[in-house]
Undergrad: 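Before anything else, here's the structure in question.
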Amino acid sequence: MAAGYDRGRGLRSRDLGRWMAAAIPYLPSAGGRILDLGAGAGRFSDALARSCGASVVACEPSAAMRAALRSNLPDASVVGGEAEAIPFLAGVFDAVWASQVVHHVKDLPAFAADLRHVLRPQGHLLIRGGFGPVKDLLLYRYFPHAWAARSAVRLTLELIAGVLAGAGFAMVDHVQVEQTFAQNAEELVKKVEARSLSPLAGLPGQAFEHGLSALRSDADNGAFAGPIVDRLDLVVFRAHHQAPAGEQDPFA
């Protein structure tokens with residue numbers, strides 16, 4: 001996935017701008033700190049810093065992804081760490097950005113508790129993902145087993161919000177943001193071939209090739225006219241209880 005991440009999941013500058021415009025009311029200003037949790041190859045790390053002037057730390061469990069991130073952003077602050085065991089002391093961050101992370105989490109209560117631990121009181125958690133009906137997804141018709149019932153990618157927003165509420169978070173905003181997944185059929189097929197979307201990465205080879213063949217056939221027959229546009233969710237939570245007192249600030 002790391003090798004094909006930028007090719008399969010890169011965002012155009014105008015789409016990055018849309019995400020940052022939606023996020024900016026909940027990001028700190030210069031002097032603040034943002035945790036880019038599950039940062040991947042860093043596609044949001046630089047945009048977050050440039051949008052508000054805050055310091056950004058990228059946290060990513062995959063060594064291959066961290067290597068790609070450092071190659072993309074040589075000056076970035078990068079650490080290894082799991083979403084259920086975030087390696088920072090209490091109240092270090094003003095905001096946490098978590099893009100397409102929740103479906104990778106194996107222990108949601110631990111994830112929620114760690115988020116609350118590293119966020120200062122009244123800090124914001126910004127979760128980017130897709131929480132609408134899977135049948136509305138273009139790729140679902142070609143790869144239905146990638147979004148199988150009871151799989152992690154089918155986690156509901158209601159369940160996630162309930163777990164976060166138990167850790168001291170309140171939902172304060174939920175908006176949808178449009179982004180162009182592909183400008184045309186050729187780009188669509190190339191992005192899917194990269195297999196960088198985590199639901200596709202987990203498919204058995206035969207199931208993936210079957211869906212890809214059908215997608216290529218429809219693309220060749222003119223089924224996709226014009227840009228292919230996604231609508232994803234940005235859900236914002238505020239930490240509304242005092243977190244446990246920490247030790248010394250690791251950035252001091």
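Heavy atoms only: backbone and side chains are in, while hydrogens, waters and symmetry mates are out.
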Undergrad: Which residues satisfy the side-chain hydrogen bond (donor to acceptor under 3.5 Å, both in side chains) test with Q183, sequence neighbours excluded?
TA: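 Q183 satisfies side-chain hydrogen bond (donor to acceptor under 3.5 Å, both in side chains) with no other residue.
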
Undergrad: By the definition side-chain contact (heavy atoms from CB on, under 4.5 Å), identify the one residue from V102, L125, V235 that meets it with L164.
TA: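 Testing each of V102, L125, V235 against L164, the sole residue satisfying side-chain contact (heavy atoms from CB on, under 4.5 Å) is L125.
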
Undergrad: Would a distance-only check, ignoring hydrogens and angles, find a side-chain to backbone donor-acceptor pair under 3.5 Å from N221 to S217?
TA: yes

Undergrad: If you measure from the Lys or Arg side-chain nitrogens to the Asp or Glu carboxylate oxygens, is any gap between R120 and D94 under 4.0 Å?
TA: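 So R120 pairs with D94 through a salt bridge.
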
Undergrad: Do NZ/NE/NH1/NH2 and the carboxylate oxygens of R12 and E187 come within less than 4.0 Å?
TA: yes

Undergrad: Would you say I34 and V78 are hydrophobically clustered, going by side-chain heavy atoms of ILVMFWY under 4.5 Å?
TA: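 Different clusters.
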
Undergrad: According to salt bridge (Lys or Arg N to Asp or Glu O under 4.0 Å), who are the partners of R154, at least two apart in sequence or on a separate chain?
TA: none

Undergrad: Applying the 4.5 Å side-chain criterion to the ILVMFWY set and letting contacts propagate, would L69 and V56 be lumped into a single cluster?
TA: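 No, L69 does not connect to V56 through the hydrophobic network.
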
Undergrad: Using ring-ring contact (aromatic ring centres under 6.0 Å, His included) as the criterion, list what pairs up with F143, not counting sequence neighbours.
TA: F208

Undergrad: Between D46 and R50, is the closest basic N to carboxylate O distance under 4.0 Å?
TA: yes

Undergrad: State plainly whether the residues E60 and R66 are in salt-bridge range, i.e. N to O under 4.0 Å.
TA: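 Salt bridge flag = no for R66 with E60.
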
Undergrad: Determine yes or no for a side-chain-to-main-chain donor-acceptor pair under 3.5 angstrom, with E84 supplying the side chain and L108 the backbone.
TA: no

Undergrad: Would you call R216 and E193 a salt bridge, taking side-chain N to carboxylate O under 4.0 Å as the test?
TA: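 Salt bridge: yes.
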
Undergrad: When you measure from the centre of the six-membered ring of W19, is the NZ or CZ of R128 closer than 6.0 Å and no more than 45° off the axis?
TA: yes

